[in-house]
Undergrad: 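Below is one structure. I have some questions about it.
Since this is a predicted model, take the numbers as computed values, not measurements. Below, chains carry the letters A, B, ... as their sequence lines are ordered, and counting in each starts from 1.
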Protein chains: 2
Amino acid sequence: MSVTIRDVAKKAGCSIKTVSRVVNQEAHVTPDLRDRVLAVIDELGYVPNISARRLVQNRSYMICILLHASGVFQSSLISKVLDLGYEGNYDILIQTYYPAFSRSQSKIASLINERRIDGLVTTPPCDSDPYLINMIQQSKLPHVHIAPINPTGGTPYVSAEDYTGAYQMTERLIGLGHYRIGLLMGLRNHRTSLDRLYGFRAALERNDLAFNEQLAIDSENNFPGGYNATKILMGLKQPPSAIFALSDEAAAGALFALNELGIKVPHQVSLVSFGDMGFSHQIWPGITAVKYPVEQIVEQSVEMLIKLVEDRPLDVKQMIFPTTIIERGSTARKE
Amino acid sequence: MSVTIRDVAKKAGCSIKTVSRVVNQEAHVTPDLRDRVLAVIDELGYVPNISARRLVQNRSYMICILLHASGVFQSSLISKVLDLGYEGNYDILIQTYYPAFSRSQSKIASLINERRIDGLVTTPPCDSDPYLINMIQQSKLPHVHIAPINPTGGTPYVSAEDYTGAYQMTERLIGLGHYRIGLLMGLRNHRTSLDRLYGFRAALERNDLAFNEQLAIDSENNFPGGYNATKILMGLKQPPSAIFALSDEAAAGALFALNELGIKVPHQVSLVSFGDMGFSHQIWPGITAVKYPVEQIVEQSVEMLIKLVEDRPLDVKQMIFPTTIIERGSTARKE
DNA sequence: TTGTATGCGTTATCAG
DNA sequence: CTGATAACGCATACAA
């Protein structure tokens, strides 16, 4: 078969332990011998067998990112993961998890219980699945949350300032003279959606504006959700002069609906979104958005996980990144 | 530590080989004994150690999809990969490859040479990198191409009818009365771009229309590429009445530019694209597109690769899927 | 500084 | 049909 550590040792005239030392860059090898071994390694084209190493060390050198569904959030998250993936010693396995499918369940169960991964990062709403969370905790697998719905149990997590971002964006709209603001909400069982909602309400209150139930539409954080909600909003006797979509997809749906209705953005209606992951700048006239710092979140969560895996100390167990507002063409002062 | 095959054997009062047989669903075990073993496995919560299995079988049960850059093509490809990922016995590692970065090179080299993967699917333009291709061939690693630039060397590949798709779409535009069609080309060193270009030209010829160099703009297959090219096209003394973008991103850029110029789509200019991966239906007024069958391509290529890995016969070594045209709001008869 | 011997948890061989 | 035992390739106590 292929060349092993033993072949190298024989040819170099030393023991396998010495070769092992050289390969793993341990101390206590005379430069002379080290060079000889290195030469033989090069000559024979020796590469360590990762499976053997994994077996004896009981480590997989693989970490997993768990996703649910797919959308622009997932896409931009994955982009960042891929960028991280070719650095470092770990392979990053991107895996979807659909609680409803038993195949999906058994796949992740196998990943966790067979110790095929050294650690796990979960993204919302995976962390709201009790089966999964329970399994992770039982297994004592190193685990980091991204934007968890329930940041309980002491699991480290990385998140963003959803509340503040929504608050600031709402204030900006109010500052532009918009007092009737439509809100396209996400599902209420998502923490991020809730935080954004609270931020929105707080900004209204702060400016002595009442929260109008009629203007806050429950919708899914996707294109059809935003599309339908906008149709409803604009059909009201007193339609809003601005719409705040709590996701990029919903904003895209809203814009499509507004176009269809012949309503000019931003002159007749201003539109803003929360996320700014994907094509917010590519859809005419460019959507003003709260930028959600996915990249930093992903990078940080992976970094934290690896520290956990390698048993290195974690200075902080919660990290919350600030959001920023990106101004584009979809907002204007109320006429 | 954790429970091993030996523990199960001891408790069940049989040999480890028998346990192994039960676990691997081999024949030659009396139902009685099998049940007893199964019961113990369940009781002890035994799960086989994948690393040990990998070591002894010299297999990793992991396959890799190699990507270059990121865009909507990659995104929709990844979506499909993720759907496949929780089925089957293989983990699918999604990996980017940037030939310019030595870290990226050494990562993929390690993946291949240390046999950390059992097989590899490459996507364009990875297959145009000689270093990579050479390495793959040297290693004799099972390998399948997706839409290769140079389908040489007998490597199995899966692709789509780029030529025909472009031909048909062009004919459709001509049928709508468009005789001056702007073409937003991708980079010329991509086979798919070339095939699409040839299809476009063939349709023109077939309809006795001359290919106008001025209307065919070299641009990258991305948003700025399409944006800039469209600005150029519409600045011509005789601008086109229709634009054919050879990628979704370029089409989005084109649409943005047209909006910015105050040109109505489709009334003043028709716009079509090739790909239909991402948001073609989410950008007003919906972009008529040639649908590129990514999902089928990905599924098929993974299936072929696994056959290769498992040494099962491959009935076909080249598969080329047809494209279809999706009609949306961005095309109209020339006024 | 270097080497020996043992074990990691499987699968596979071959005898019973 | 079943089981003892030998690999697989590496890391690591421990000995020299």
Side-chain angles (χ1 to χ4, degrees), chain A residues 1-38 40-41 44-62 89 110-111 113-118 310-311, chain B residues 1-38 40-41 44-62 89 110 113-118 309-311:
Chain A
M1 199 52 224
S2 64
V3 35
T4 77
I5 198 171
R6 234 175 293 267
D7 301 325
V8 176
K10 188 183 290 178
K11 184 136 193 167
C14 66
S15 76
I16 60 169
K17 175 61 198 169
T18 303
V19 179
S20 177
R21 283 201 180 91
V22 172
V23 170
N24 295 309
Q25 319 207 32
E26 290 172 34
H28 309 304
V29 183
T30 46
D32 200 34
L33 184 54
R34 148 170 271 112
D35 288 347
R36 208 167 73 230
V37 170
L38 248 23
V40 174
I41 287 179
L44 263 43
Y46 165 75
V47 278
N49 179 310
I50 196 82
S51 297
R53 179 179 288 170
R54 283 170 170 166
L55 173 61
V56 75
Q57 294 191 143
N58 200 26
R59 302 254 320 259
S60 68
Y61 290 98
M62 181 145 86
N89 300 315
S110 137
L111 245 31
N113 295 323
E114 295 173 17
R115 290 280 157 174
R116 286 158 61 183
I117 52 177
D118 289 339
E310 298 181 344
D311 229 7
Chain B
M1 200 50 227
S2 63
V3 36
T4 77
I5 198 172
R6 232 175 294 269
D7 302 325
V8 176
K10 188 183 292 179
K11 185 135 192 168
C14 66
S15 77
I16 59 171
K17 178 58 198 170
T18 301
V19 179
S20 177
R21 283 201 180 91
V22 172
V23 169
N24 295 307
Q25 320 208 31
E26 289 171 33
H28 307 305
V29 183
T30 47
D32 200 35
L33 184 54
R34 149 171 272 111
D35 289 345
R36 206 167 74 230
V37 171
L38 247 24
V40 174
I41 286 179
L44 263 44
Y46 164 75
V47 278
N49 180 311
I50 196 82
S51 296
R53 177 179 290 168
R54 283 171 170 166
L55 172 62
V56 75
Q57 294 193 144
N58 200 27
R59 299 256 320 263
S60 67
Y61 290 97
M62 182 145 85
N89 300 315
S110 138
N113 294 323
E114 295 173 17
R115 290 281 158 174
R116 285 159 59 184
I117 51 177
D118 288 340
V309 167
E310 298 181 345
D311 229 7

Undergrad: Provide, to the nearest angstrom, the distance between the CD1 atom belonging to B:I16 and the P atom belonging to C:dT13.
TA: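 Atom-to-atom, B:I16 to C:dT13, this comes out as 15 Å.
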Undergrad: Could you check how far CZ of A:R53 sits from P of D:dC10, rounded to whole Å?
TA: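 It works out to 8 Å between those atoms.
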Undergrad: Starting at NZ of A:K17 and ending at C1' of D:dC14, how long is that distance when rounded to a whole Å?
TA: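 Spelled out: NZ on A:K17 to C1' on D:dC14 is 11 Å.
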Undergrad: Taking only side-chain N and O atoms of A:T18, does any of them lie within less than 4.0 angstrom of OP1 or OP2 on C:dG3?
TA: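 A:T18 to C:dG3 OP1/OP2: side-chain N or O found under 4.0 Å.
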Undergrad: Can you measure B:H28 atom NE2 to D:dG3 atom P for me and round it to whole angstrom units?
TA: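 Roughly 15 Å, once rounded to whole Å.
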Undergrad: Rounded to the Å, how far apart are A:N24 CG and D:dC10 P?
TA: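 From A:N24 CG to D:dC10 P: 10 Å.
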Undergrad: Tell me whether the side-chain N/O atoms of B:N49 come closer than 4.0 Å to OP1 or OP2 in C:dC8.
TA: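 No, outside the criterion.
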Undergrad: Whole-Å distance between D:dG9 P and A:Q57 CD?
TA: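 Going from A:Q57 (CD) to D:dG9 (P), I get 17 Å.
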Undergrad: Rounded to the nearest Å, what distance is computed from the CD1 atom of residue A:I5 to the P atom of nucleotide C:dG3?
TA: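 So the two atoms are 12 Å apart, to the nearest Å.
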Undergrad: Would you mind classifying the nucleic acid contact of A:V23 as base, sugar-phosphate or nothing, using non-hydrogen atoms under 4.0 angstrom?
TA: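 Counting heavy atoms under 4.0 Å across all strands, no contact is made by A:V23.
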Undergrad: Between B:N24 and B:R53, which heavy-atom pair has the shortest distance, and what is it?
TA: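 Reported closest heavy-atom pair: OD1-NH2, 3.5 Å.
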Undergrad: Is B:L33 touching bases, backbone alone, or none of the nucleic acid, heavy atoms closer than 4.0 Å?
TA: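 Here B:L33 touches the backbone only, sparing every base.
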Undergrad: Regarding A:R34 and A:E26, does a basic nitrogen lie under 4.0 Å from an acidic carboxylate oxygen?
TA: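 Salt bridge flag = no for A:E26 with A:R34.
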Undergrad: Contact class for B:R54 (heavy atom, under 4.0 Å): base, sugar-phosphate, or nothing?
TA: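 Touches nothing.
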Undergrad: Is the backbone N or O of B:V309 less than 3.5 Å from a side-chain atom of B:D118, with the two atoms forming a donor-acceptor pair by type?
TA: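 No; judged by distance alone, with no hydrogens or angles, the pair does not exist.
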Undergrad: For C:dG9, take OP1 and OP2 only and decide whether either is under 4.0 Å from a side-chain N or O of B:T4.
TA: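 It does not, given that no N or O in the side chain of B:T4 lies less than 4.0 Å from OP1 or OP2 of C:dG9.
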Undergrad: Between A:R54 (side chain) and A:R59 (backbone), is there a donor-acceptor pair under 3.5 Å?
TA: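 No, the answer is negative, given that no donor and acceptor are paired below the 3.5 Å cut-off.
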Undergrad: For B:C14 and B:V37, which heavy atoms make the closest approach, and how far apart are they?
TA: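 Distance-wise, the nearest heavy atoms are SG-CG2, 4.0 Å.
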Undergrad: I want to confirm an ordering. Mapping B:L55 and B:S15 to their closest nucleotides on DNA chain D, which one lands closer to the 5' end?
TA: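 Mapping each residue to its closest nucleotide by heavy atoms, the 5'-most match is B:S15.
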Undergrad: With a cut-off of less than 4.0 Å, is there a side-chain N or O of A:S51 near OP1 or OP2 of D:dC10?
TA: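 So the side chain of A:S51 is outside the cut-off, no N or O lying under 4.0 Å from OP1 or OP2 of D:dC10.
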Undergrad: Examine D:dA11: is either OP1 or OP2 under 4.0 Å from a nitrogen or oxygen in the side chain of A:S20? Give yes or no.
TA: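 Affirmative; the distance criterion is met.
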Undergrad: For B:V47, answer base if it contacts any base atom (sugar-phosphate contacts may also be present), sugar-phosphate if it contacts only those atoms, and nothing otherwise; contact means non-hydrogen atoms under 4.0 Å.
TA: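 Sugar-phosphate contact only - B:V47 comes under 4.0 Å of backbone atoms but never of a base.
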Undergrad: Under 4.0 Å, heavy atoms only, any strand: does B:I50 hit a base, just the sugar-phosphate, or nothing?
TA: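 Nothing, no heavy atom under 4.0 Å.
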Undergrad: Confirm from the modelled atom types if B:R21 and D:dG3 form a donor-acceptor pair under 3.5 Å, side chain to base only.
TA: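 Looking at the base of D:dG3, it does pair with a donor or acceptor on the side chain of B:R21 (distance under 3.5 Å).
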Undergrad: Which listed nucleotide (D:dG9, C:dG9, D:dT2) is nearest to the side chain of B:V29?
TA: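 Comparing D:dG9, C:dG9, D:dT2 against the side chain of B:V29, the answer is D:dT2.
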Undergrad: Can you check whether B:S51's main-chain N or O pairs, donor with acceptor, with B:N49's side chain at less than 3.5 Å?
TA: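 Checking the backbone N and O of B:S51 against the side chain of B:N49, a donor-acceptor pair under 3.5 Å is found.
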Undergrad: In whole Å, what is the span from the CZ atom of A:R59 to the P atom of D:dG9?
TA: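 Rounding to the nearest Å, CZ of A:R59 and P of D:dG9 are 22 Å apart.
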Undergrad: Under 4.0 Å between a side-chain N/O of B:Y61 and OP1 or OP2 of C:dT10, yes or no?
TA: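 No, because none of the side-chain N or O atoms of B:Y61 sits under 4.0 Å from OP1 or OP2 of C:dT10.
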